[in-house]
Novice: 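Just dropping this structure here.
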Amino acid sequence: MANREYDTFILSDPALLQEDREMELIVRELTPPDLRYKYRSAYVNAMISKSETKYPDRLWIRLGRGQLQEKPWSIKILKELNKLPKESE
Amino acid sequence: MENYQFYKDNREFIKALESHGELVTVQQEVDWDLEMGAIVRRVCEKRLAAPYFKKIRDYPGFEALGAPLATYSRLAIAMGMNPKTSIPEISDEYVRRTTGTPIQSILVDRKKAPCKENILMGKEADLFKLPGPMVHDGDGGRYLATWHFVVAKDPETDTVNWGMYRQMVFDEKTMVGPVLPFSDMGKMFYGKYVPKNKPMPFATVIGCDPLSGVAACAPSPIPEDQFTGMLMGKPVELVKCETCDLEVPAHAEIIIEGEVIPNLWIEEAPFGEYTGYRTSPREPRTVYRIKAITHRNNPIITVSNMGVPTDEGQLLRSFSLGLEMRKLLESQGIPITGVYMLPESTHHMVVVGVRPAYSNIATQIANLVFGSKLSPWFHMVIVVDEETDIYNKDDVIHALATKCHPIRGIRKYEHSVGTPLYPFANPDDRKWSRGAQVLFDCTFPLDWPKSDLPIKVSFNKVYPKEIQEKVLKNWKNYGFKD
């Protein structure tokens, strides 16, 4: 059973996505402990699979204009990437 | 300076809406995740009273006002007029107030600024502590800013701009959204900050008084704070930001301060847009990093839900675009009888009434409006003569279908500036903001002999005045109710 759920937007053909290789993508968190943080986005390094059970967390796929794909994939997040500038207050 | 009735903040406006029967207070808790958006969408599609949400899931202490200005009645109330005022009367009043000397804003002490009741800095300034709604299923994120404006200042001229630029929450400190290069803020940011690789200070104002929102939608050359003053008949009260030298309305509900970051892009969208579609793709767009949030006690966010007509984006943008065109055409001495942009066209189609005093006057009108700064936001101009009621859709459709010659009456304009949001444009044209425009000339040519001119067959046109009066006088006696 998946621990957590995420989704991501795939702008190209999902069939062409490479599975089981470390890749960078933006994911949105769908099941945070504090529900106020639902849909928080993050750049991550992760492995993904079209199999729903291969990796610990569930990954829902949306296409470029938000179309939700019927079957979820799975994901293992390796690292959250900090690609944004630090605060300068 | 004239004294108009106006509402200094969103709270006074809510009371006014309630007193005019234009408000539904929702006591039941609603979910920020789609439920609130769905309610506002249905309200827009059915043209119902504005929903005032008292309880939002996960966000105790916050409230929300949906569809604040989605009808002409609510616009009339915002302007201190009777909600039953006709569209031409509201238009004339708007033009009258906004033609003349701009009214400078005044700066008030922070102690007199309710938007400073709570000041969140550092880690406390966290976008997820605000109830940004997930407006439509499938959107790219939560859009905290749907009925709001972004304040920015030109670094060379100090000219201030208030504009509605949508902003999607990315993470605790980051928002992202499109800033088109031909927009006022786009010209400032991409023209003056990015070449120097300098971040641009911004302040997002959420839950402003209604006339500030109207002004932020208006494509007027007058700075929007002064334009608001003209609509109010009184200076707008502003207060200094916490982290930069921008000034924001003192009575707003929530202010988000930060910097627009040059040479950095994050994927934004999709989003349900004013055209009634999700058209523009998820793409790398402009990044806002936040430094501070200030808000009133128990803040009330405002929620607009763009989609099929009619929401406030369509209504107010149509209203102000059309009336800026009216000012432009009148300034050029064109003998127009009025200008009306149909909100149902998602501000793509404008109807211009004219006394056809000379040949090709419709082309002159189209050249003027298509050549103006207003041009990227619409692409269809219908020119009708004075016997067509520009506010009556049936009348306009009748004129279009009967007076516009399918070849001679249609003039196409290629290579125009467009927007990425045009549903009819191909992906490449959307990417490069390329558009096309068209004129529908619904005036009869002046060189036709008078005896050849078709005569409009309507009650008002083909019966003598005494017969019309007799029929109207006896209408109920004939057995008709109205």
Novice: Would you check if B/Asp171 and A/Leu84 make a side-chain contact, meaning some heavy-atom pair closer than 4.5 Å?
Specialist: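 With C-beta onward as the side chain, the pair touches.
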
Novice: Cation-pi between A/Arg36 and B/Phe128: NZ/CZ under 6.0 Å from ring centre and within 45° of the ring axis?
Specialist: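 Negative - A/Arg36 is either too far from the ring of B/Phe128 or too far off its axis.
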
Novice: Rounded to the nearest 0.5 Å, how far apart are CG of B/Asp126 and CZ of A/Arg40?
Specialist: 9.0 Å

Novice: For chain A, which residues of residues 56-63 of chain B have at least one non-hydrogen atom nearer than 4.5 Å to it?
Specialist: B/Arg57, B/Asp58, B/Tyr59

Novice: So does B/Tyr190 have more than 12 non-hydrogen atoms from other groups sitting under 6.0 Å from OH?
Specialist: yes

Novice: Considering residues, nucleotides and ligands other than B/Lys198, do more than 12 of their heavy atoms fall under 6.0 Å from its NZ?
Specialist: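 Open.
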
Novice: When you measure from the side chain of B/Arg278 to the backbone of A/Arg65, do you find a donor-acceptor pair of N or O atoms at a distance under 3.5 Å?
Specialist: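 Answer holds: yes.
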
Novice: Could you tell me which residues in residues 18-35 of chain A have at least one non-hydrogen atom under 4.5 Å from a non-hydrogen atom of chain B, sorted by residue number?
Specialist: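 Checking residues 18-35 of chain A against chain B gives A/Ile26, A/Arg28, A/Leu35.
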
Novice: With only heavy atoms counted, which part of B/Asp33 is less than 4.5 Å from chain A, the side chain, the backbone, both or neither?
Specialist: side chain

Novice: I'd like to know if the side chain of B/Arg142 and the backbone of A/Tyr39 have a donor-acceptor N/O pair within less than 3.5 Å.
Specialist: no

Novice: Contact between A/Leu11 and B/Glu267 at the side-chain level, heavy atoms closer than 4.5 Å - yes or no?
Specialist: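 A side-chain contact under 4.5 Å exists here.
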
Novice: Under 4.5 Å heavy-atom distance to chain B, tell me which part of A/Arg62 shows up: side chain, backbone, both or neither.
Specialist: side chain

Novice: Output the residues of residues 298-308 of chain B for which the shortest heavy-atom distance to chain A is under 4.5 Å, in residue-number order; output 'none' if no such residue exists.
Specialist: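 Expected list: none.
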
Novice: Is chain A contacted by the side chain of B/Leu130, its backbone, both, or neither, given a heavy-atom distance below 4.5 Å?
Specialist: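 Contact with chain A involves no heavy atom of B/Leu130 at all.
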
Novice: Might you point out which heavy atoms bring A/Phe9 and B/Pro270 nearest each other, and give the distance in Å?
Specialist: CE2-CD, 3.5 Å

Novice: Which residues in residues 43-50 of chain A have any heavy atom closer than 4.5 Å to a heavy atom of chain B?
Specialist: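 A/Tyr43 fall under the 4.5 Å cut-off.
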
Novice: Can you confirm whether more than 12 heavy atoms, excluding those of B/Lys240, are under 6.0 Å from its NZ atom?
Specialist: yes

